[in-house]
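Data first, discussion second: the structure below is written as structure tokens.
All values below were derived from every heavy atom in this structure, side-chain atoms included, with hydrogens, water molecules and symmetry-related copies excluded. Here is the naming used below: chain letters follow the sequence lines, and residue numbers restart at 1 for every chain.
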Number of protein chains: 2
Amino acid sequence: MAAVFPGPRLLVLGLLLCALGPSVSRAGKILLVPIEGSHWLSMVGTVQALQQRGHEIVVLAPEASIHIKEGAFYTLKTYPVPYPKEELEAAFVSFGHLSFDNLPFLQRFVKLYKNAQENSARLLSSCHHFLYNKELMAWLVEQNFDVMLTDPFVLCGPIVAQHLGLPTVHFLNGLPCSLDMAATQCPSPPSYVPRLLSSNPDRMTFLQRVKNVLIYLSENFLCNLVYTPYEQLASEFLQRDVTVQDLLSSASIWLMRSDFVLNFPKPIMPNMVFIGGINCMSKAPLSQEFEGYINASGEHGIVVFSLGSMVSEIPEKKAMEIAEALGKIPQTVLWRYTGSRPSNLAKNTILVKWLPQKDLLAHPKTRAFITHSGSHGIYEGICNGVPMVMLPLFGDQMDNAKRMETKGAGVTLNVLEMTSEDLANALKTVIFDKSYKENIMRLSSLHKDRPIEPLDLAVFWVEFVMRHKGAPHLRPAAHDLTWYQYHSLAGMGFLLAIALTVAFVTFKICACGFRKCFGKKGRAKKSHKSKAH
Amino acid sequence: MAAVFPGPRLLVLGLLLCALGPSVSRAGKILLVPIEGSHWLSMVGTVQALQQRGHEIVVLAPEASIHIKEGAFYTLKTYPVPYPKEELEAAFVSFGHLSFDNLPFLQRFVKLYKNAQENSARLLSSCHHFLYNKELMAWLVEQNFDVMLTDPFVLCGPIVAQHLGLPTVHFLNGLPCSLDMAATQCPSPPSYVPRLLSSNPDRMTFLQRVKNVLIYLSENFLCNLVYTPYEQLASEFLQRDVTVQDLLSSASIWLMRSDFVLNFPKPIMPNMVFIGGINCMSKAPLSQEFEGYINASGEHGIVVFSLGSMVSEIPEKKAMEIAEALGKIPQTVLWRYTGSRPSNLAKNTILVKWLPQKDLLAHPKTRAFITHSGSHGIYEGICNGVPMVMLPLFGDQMDNAKRMETKGAGVTLNVLEMTSEDLANALKTVIFDKSYKENIMRLSSLHKDRPIEPLDLAVFWVEFVMRHKGAPHLRPAAHDLTWYQYHSLAGMGFLLAIALTVAFVTFKICACGFRKCFGKKGRAKKSHKSKAH
């Protein structure tokens, strides 16, 4: 490559101006059924962009919500649920503590299971109170929405979409048990597509592959346990038999918060749109407080430390271990922590109740990012090229961490077992070993090099579904096949039967011909011989 | 949907300006190995756009080329081949005639096979003379190209790419025998993905599915016949064992001239980029001659008739039949035809040696399009919303025609069997039955409603491969698996063995326990009883 070409921006702009024609949409009405926590936070940018395009957005949420609040760019409509907001907050805190409880396996499993059961029951109850809120439902029917945008992790959105007959856009990171793959008819061979929670890479050893196949085989059973109550609820509410597959597979477009820089390449479907890193590009200037911290950090710069929206405080002993480790590096550490101040906190560590994570990571003086490796944090780290120390706690966080570690862009620690020394060493490694910065910068350049921004893609496809009342031309015919039709078993069997019949008839004819030609002669000769004796 | 929102263009422009950053590329050197005929014509727009972005493009072609000529926006480099241009021209004409020969099945098959064999031999010989042209090869090595852009329908480009160690972008409509699917590791279930040349829809009857499975099962064998000579040539030239799969699968990006408005939705891979209809948007004003024809056509408008770049004349009898039909409609027909003028040509029919097909189709007075249903023509028809009468001749044309017919956007005729009446009726149907216009307009609006123009996508991904020297993050790990690993046979077998062992051991233990608990007692009782007797 030689000289620098001066004019491509103008050229592309010209082409884009031409291209904008069909994407200009009439303003419409969007019904949004989100899920609490980081799931909701990941949608906010898209909601804002849709509102700026002139659309009216109604967000539906239970009265007891923590993160879903009134907003300037949407109308929040809440419905009563039989639990107070405080119960939800307490559940968040107890879940955070549970993530740090170093209990024996069985005890930990029982506690986690109980916790998951409580949360599931709360979500189901919330959904029940939503669906059977007659006044709300009547109001929704009246509104004549153009599209439903929902996170299908909880099936309440898809049930309401079916009730209102709305074309639907799903917005998600992924679903447990490969439900998203089943619902889109997307092949997902367990030989190289690692299963959720397996921590497997795409290039697996034999035993990793066995583990992956085992998870693959048990997925159906596991998810039935969690999602079957929604089948019952939906069938009762919609007054017809409905399966989880029916609820999910009716979506027109799947906006997947995934990017192949983080996730492994695998088959996809034409109605999947990849918007991983969707919230990364929008940046705000730092407040004076944070600018001050960064300026005071000198040549060493800062380290950003957050464990996400669900875990803001941790057990005291662990907090002290962490505080000790943070004191061993020359960087200033900005730690988002709402628990009580560890007594051994070093001078270089500043506790804050909240931090502008994305904007801090975007600052050139940020040297490392200590994260629970939730997908948002990981994409923000990739986008801004900040090497990471990852302390995965639950869900897909271990998978994310393994992926980043495999790519040489971070170090993963087991938060339950790590010592203060381990954390300090990991931090020094990702800050001072240049390869980590180089690797994350390479990922960053690949991730940001795309023909169109994920946010524009998301907005485009929501509007596309509004304009065309769905996207039926992207729906594969596989949806109409039974499993044995899908695998061509009948066709193969039919061909096999023909082949066997032909082989049998040919054999019979040959055998008969052979007998006619040689059989009598042979017998004749034999009888002739026997006569001669 | 209510009011019209005024400002989306500006907003999207703003976002796009931000997004343009990483896509600005340094000017580079592109080696282009195209294929004669419509394959080359489909690439020209992209070549021009790449040159306008400041890149230097070298096009390599045999001296005996018909469509590949010197061009203003690329450097043509030719190499000698042992056949003259006239031989190629004669082959095109004879192929055209063959398409219209209404011979008995076996005779037709033999003639087609012979023709295909001659063409294959010519292409292979051309490739041989390219590869063993030492001077040319030395020059190519010296040039330090950044990327190879090639149509992999003939494997010469991929062989040269391997020799020069160039990252490669494939530009194609599709490959026979699903070779493109195999090379990208893209699942393609024969139960709903119709095979090339099957004329099957995606929703098949049982017998159609059987036919599809049969083609699927025989694909490997059929394509081995055609492509094996390239394996030998490549292995000899590269001095290592190379398979067709090796040659094809090394491509970084596959630019597929396909769109799901025409083709049926099916699994795809992350390194496939869909650019169907890439050449549609660029339009030129009509010449005075053609403007004149259109203006003179009055309220009835015109019909555009072309059988593509390979067939410009047809047998006299068939030409007369067609001429008779064309005289029966009130529209002016512009017929691209280089053969001798049919004596019965009606006044409304104008023969031209060449016509600006795309620009004529874009004219609002164009009422119908008579086409051989090659992919270019079909996309131009869809793009401009012109209903079609389709006379498929060979290759994928029958598949294209069936798809358009299924969608109610055109009528298909068998060119060998149709009568003059059939053609006239078909024309009247697509012109006067409003449903055809409505259906093609619906397809057109879906086809043109996209977040980014196909030409921009093609340019972006060629430059992406130049910037990053490939796209390894989009290459699935499936490439490294054997077929039994891919299907998890070993893993499944291992789990089955464990399950059987556990079942066997459990059974043995239970049986043993049962004997211990009841066996002895039973026997004891029995012996006790017998003693008592």
Above 12 or not: heavy atoms from other molecules or residues under 6.0 Å from CZ of Phe206(A)?
-> yes

Could you check which of Leu446(B), Val213(B), Val261(B) has the highest count of heavy-atom pairs closer than 4.5 Å to chain A?
-> Leu446(B)

Greatest number of non-hydrogen atom pairs under 4.5 angstrom with chain B, of Arg442(A), Arg203(A), Lys211(A), falls to Arg203(A)

Shortest non-hydrogen separation from Val210(A) to Gly491(B) and the atoms involved | CG2-CA, 4.0 Å

Derivation and outcome, side-chain contact (heavy atoms from CB on, under 4.5 Å), residues Arg467(A) and Ser445(B) | CA-CA 10 Å; Arg467(A) 277 192 289 275; Ser445(B) 85; over 6 Å; no

List the steps, then state whether side-chain contact (heavy atoms from CB on, under 4.5 Å) holds for Phe264(B) with His473(A).
-> CA-CA 8 Å; Phe264(B) 301 112; His473(A) 67 303; over 6 Å; no

Among Arg209(A), His468(A), His487(A), who wins on heavy-atom pairs under 4.5 Å with chain B?
-> His468(A)

Which bit of Phe494(B) comes within less than 4.5 Å of chain A, counting heavy atoms only: side chain, backbone, both or neither?
-> side chain

Side chain, backbone, both or neither of Tyr486(A) within contact of chain B (heavy atoms, under 4.5 Å) = both

Considering non-hydrogen atoms only, spot the tightest contact between Tyr192(B) and Gln185(A) and give its length.
-> OH-O, 4.1 Å

Which bit of Leu495(A) comes within less than 4.5 Å of chain B, counting heavy atoms only: side chain, backbone, both or neither?
-> side chain

Taking side chain as C-beta onward, heavy atoms only, is Met269(A) less than 4.5 Å from Pro265(B)?
-> no

Could you look at Asp202(B) and say if it's the side chain, the backbone, both or neither that has a heavy atom under 4.5 Å from chain A?
-> both

When the 4.5 angstrom heavy-atom criterion is applied to Leu457(B) and chain A, the contacting part is side chain

Where does Pro190(A) contact chain B at under 4.5 Å (heavy atoms): side chain, backbone, both or neither?
-> both

For Tyr216(A), is it the side chain, the backbone, both or neither that has a heavy atom under 4.5 Å from a heavy atom of chain B?
-> side chain

Distance in Å, Arg450(B) CZ paired with Phe460(A) CZ, rounded so as to fall on 0.5 Å steps | 9.5 Å

Which one, Ala490(B), Ala471(B), Cys186(B), leads in non-hydrogen pairs under 4.5 Å with chain A?
-> Ala490(B)

Residues, nucleotides or ligands: over 12 heavy atoms within 6.0 Å of Phe73(A) CZ | yes

Test side-chain contact (heavy atoms from CB on, under 4.5 Å) applied to Asp449(A) and Glu463(B), step by step | CA-CA 10 Å; Asp449(A) 196 358; Glu463(B) 290 187 344; over 6 Å; no

Under 4.5 Å from a heavy atom of chain B, the part of Leu214(A) involved = both

Among all residues two or more places apart in sequence or in another chain, which pass the side chain to side chain donor-acceptor pair (under 3.5 Å) test with Thr482(B)?
-> Gln485(B)

Under 4.5 Å heavy-atom distance to chain B, tell me which part of Arg475(A) shows up: side chain, backbone, both or neither.
-> backbone

The interface call for Pro267(A) against chain B, heavy-atom contacts under 4.5 Å, is both

Taking atom NZ of Lys402(B) as the centre, does the number of heavy atoms from other residues, nucleotides or ligands within less than 6.0 Å exceed 12?
-> no

Contact class of Leu474(B) relative to chain A, heavy atoms under 4.5 angstrom = both

Relative to chain A, which of Asn271(B), Leu217(B), Ile268(B) shows the most heavy atom pairs under 4.5 Å?
-> Ile268(B)

Measure the CG-OG distance between Asp480(B) and Ser191(A) for me, rounded to the nearest 0.5 Å.
-> 11.0 Å

